[in-house]
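The next block holds one structure in the form of C-alpha cells; read it before the comments.
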Number of protein chains: 2
Amino acid sequence: MNLSTSEENYIKSIYHLQLVSNIVNTNSLAKELNTKAASVTDMLKKLKTKKLIQYERYYGFKLNDKGIQTALIIIRRHRLWEVFLVSKLGFDWDKVHIIAEDLEHVSSMELIKKLDTYLGRPKIDPHGDPIPDVNGRLPVIKQMNLFKLPLKKTGVVSSVGNQSPQMLEMLKHYGIGIGSQIKINKVFDFDKSIEIKLLKQPACIISEPVAKNIFVYDE
Amino acid sequence: MNLSTSEENYIKSIYHLQLVSNIVNTNSLAKELNTKAASVTDMLKKLKTKKLIQYERYYGFKLNDKGIQTALIIIRRHRLWEVFLVSKLGFDWDKVHIIAEDLEHVSSMELIKKLDTYLGRPKIDPHGDPIPDVNGRLPVIKQMNLFKLPLKKTGVVSSVGNQSPQMLEMLKHYGIGIGSQIKINKVFDFDKSIEIKLLKQPACIISEPVAKNIFVYDE
DNA sequence: TAAAATTTTTAGGTTTGTCTAAATTTATTT
DNA sequence: AAATAAATTTAGACAAACCTAAAAATTTTA
Ligand SMILES: [Mn+2]
Ligand SMILES: [Mn+2]
Ligand SMILES: [Mn+2]
Ligand SMILES: [Mn+2]
C-alpha cells in the first residue's frame with residue numbers, strides 16, 4: 001500500500017480512538033494528533049480515497065477492515081520496537097514510546113520478521129499491551145481493573161491504562177511494573193485511595209486515578 | 001539542529017562525494033541522489049542558509065566543518081544500525097544498506113548511545129567501513145588494495161570499495177567477506193584477472209574490476 | 001575566438017501536509 | 001421553533017521537496 005508517516009500516524013490514532021468510542025469524530029482525532037480539525041478533514045478525504053476508512057462528512061468515521069489490518073501492522077512494529085528498546089537496550093518503560101513512534105515507520109517486512117524472531121516472538125510489550133501477530137491477530141489477555149481484585153488477594157500487574165510518561169514515571173517510582181505481584185490491603189472511603197502491598201516492599205497508598213489505570217490478573 | 005530526512009540524505013551524499021573530489025558539483029550529487037539538478041540547487045540554497053555548506057553559484061560546493069560534523073553523526077547512526085542488522089538480526093551484508101538508509105534518520109541521541117554500548121562499541125561496519133565515534137572522529141584503518149598484496153602472501157580482507165548489492169552478492173557467492181584470509185596465487189596478464197586462495201576453499205579466479213574493489217591488510 | 005555543448009540556475013508547477021478564517025451543518029438552549 | 005453554540009468542512013495560503021522547461025553561465029570544440 002505504501003503509506004506516508006503521516007498517514008500511518010492517522011490510522012494508528014483512529015484505531016486507538018475507535019476501540020473506545022466505535023465512531024470517531026474530527027475534534028478528538030485532532031486533539032490526539034496535536035493538529036487542527038481542518039487538517040484532519042483533509043487527511044480523512046485522502047484515507048477515504050485509499051479505501052482505509054468509512055467516512056461520511058459531518059457523520060464521523062472509522063477504519064474499515066483494510067484500515068484495521070493496516071493499523072495492526074503498524075502497532076505490531078511499534079510494540080516490537082518497544083520490547084527491543086527495553087529488553088535489549090535497557091531503556092526504562094517510560095522512555096520508549098517516543099522513540100518507537102519513529103521506528104514504527106520503517107516498513108521493511110524482513111526487518112520486523114527478524115526482529116520478532118530475535119526478541120523471541122514476544123506476546124506483550126513493556127506496558128503489557130498485546131502485540132499483534134504477523135497476520136494482525138491480537139492475543140486476548142484476561143485481566144481486570146485493580147479495583148475488582150478482592151481484598152488481600154494477590155494479583156499480577158498485566159497492563160497500564162494511561163501510558164503517559166508522567167504516569168509511567170510515577171509507577172516506576174512506586175516500584176509497580178508489568179508482572180509485579182500486588183495485593184490490596186484497604187480501600188479508604190474518603191477518596192477511594194487504596195493501600196497496596198508489593199513483594200519485598202513496604203505497603204504504600206495510591207490514589208484512585210492511579211489505581212483505575214492498573215490492570216491485573218489473579219494468581 | 002533538527003534536519004529533515006531529505007536534508008540528512010543530501011549532507012551524507014555530499015560528504016561521500018567530497019571524499020573523492022574535494023569540490024562537488026550539482027550533476028554528480030543529483031545522480032547520487034537519483035534526483036534532478038534543479039532539485040539539488042534548491043536544496044543547496046537551504047543548506048547554505050543553515051550554514052552547513054560552502055556554496056557559490058556555478059562554482060560547486062562542499063560541506064564546511066559543521067556540515068562534516070553533521071555528516072559523521074548520520075554515518076555513525078547508519079553504520080551502527082548495519083552492525084545491528086548483521087550481527088544481531090542475522091541479515092546478509094548485501095541486504096542491510098537499504099534498511100539502514102531509513103533507520104539512520106531516527107535521531108534520538110540516547111538510542112544511538114545505548115545501541116553502541118549494546119553492540120560492544122564496534123569500530124567497523126559489516127562492509128569494513130569505520131564507524132565515527134561519538135565526537136565524529138573516524139578511526140583510521142591501515143589497508144591496501146588487493147593488487148598491492150605480494151604474491152603468495154596472506155592478507156585479511158578489510159573493506160570493499162563498491163558496495164552495491166550486486167557486488168556484495170557476488171562476493172558472498174565467492175565466500176569473500178570482511179576478515180577473510182586471502183592469498184594471490186597468480187595474476188593473468190591477459191585481462192588482469194587474478195587467481196586467489198581463501199582458507200578452506202578451492203582456488204578461484206576473480207576479474208580485475210572485482211579485485212580493484214577489495215582492500216586488505218597484511219599479516 | 002566564435003560557435004556548440006555542457007552545466008547550472010531560475011521560473012513556474014505539483015503534491016503532501018499543514019494552517020487560519022470563514023462558511024456550513026448539526027446540536028443544544030432558551 | 002428560533003436563537004445560540006459547537007463541530008465540521010471549505011476556501012485560500014504556505015512550506016518542503018520535488019518536477020519540467022527555459023534561461024544563463026561556463027567549458028569545450030572547431
Ligand atoms: Mn509514529
Ligand atoms: Mn507500549
Ligand atoms: Mn537515508
Ligand atoms: Mn556499510
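Heavy atoms only: backbone and side chains are in, while hydrogens, waters and symmetry mates are out. Every chain is numbered from 1 and lettered A, B, ... according to where its sequence line falls, protein lines coming before strand lines.
For A:Leu29 and D:dT9, the CG to C1' distance is 15 Å, given to the nearest whole Å. Atom OH in B:Tyr59 sits about 12 Å away from atom P in C:dT9, given to the nearest Å. Protein atom CG of B:Leu47 is 13 Å distant from nucleotide atom P of C:dT9, rounded to whole Å. The nearest whole Å value for the distance from the CG atom in B:Asn34 to the C1' atom in D:dC18 is 13 Å. Atom CG in A:Leu33 sits about 10 Å away from atom P in C:dC19, given to the nearest Å. Between the CG atom of B:Leu44 and the P atom of C:dT8 there is a distance of 10 Å, given to the nearest Å. Distance CD (A:Glu56) to P (D:dT8): 15 Å, rounded to an integer number of Å. Taking atom CG on A:Asp42 and atom P on C:dC19, their separation rounds to 10 Å, with Å as the unit.
For D:dT20, one of the phosphate oxygens OP1 or OP2 lies less than 4.0 angstrom from a side-chain nitrogen or oxygen of B:Lys36. Considering only side-chain N and O atoms, A:Asn27 lies nowhere under 4.0 angstrom from the phosphate OP1 or OP2 of D:dA6. Residue B:Thr26 places at least one side-chain N or O closer than 4.0 Å to OP1 or OP2 of C:dT9. Proximity of B:Asn25 to the phosphate of C:dT8: a side-chain N or O atom is located under 4.0 Å from OP1 or OP2. Between B:Ser39 and D:dC19, a side-chain N or O to OP1/OP2 separation shorter than 4.0 Å is present.
Test A:Arg79, A:Arg77, A:Lys12, A:Arg76 against A:Glu104 for salt bridge (charged side-chain N to carboxylate O under 4.0 Å, His left out) and you get one pass: A:Lys12.
Side chain of B:Thr35, nearest nucleotide from C:dT9, D:dT9, D:dC19: D:dC19. In the set C:dT10, D:dT9, C:dT18, D:dT9 carries the atom at the smallest distance from any side-chain atom of A:Tyr55.
Between A:Met43 and A:Tyr58, it is A:Met43 whose nearest contact on DNA chain C lies nearer the 5' terminus. Between A:Glu7 and A:Arg57, the residue whose closest nucleotide on DNA chain C is further toward the 5' end is A:Glu7.
Across all strands, A:Thr41 comes closer than 4.0 Å to base atoms (heavy-atom distances). Using a 4.0 Å heavy-atom distance criterion, B:Tyr10 is classed as a sugar-phosphate-only contact.
B:His105 and B:Asn9 share a donor-acceptor pair across their side chains, judged by distance under 3.5 Å alone. A donor-acceptor contact closer than 3.5 angstrom links the side chains of B:His127 and B:Glu82. A donor atom on one side chain and an acceptor atom on the other are not found under 3.5 Å apart for B:His173 and B:Glu169.
A:Tyr118 carries A:Lys88 over the face of its six-membered ring, with the cationic atom under 6.0 Å from the centre and within 45° of the normal.
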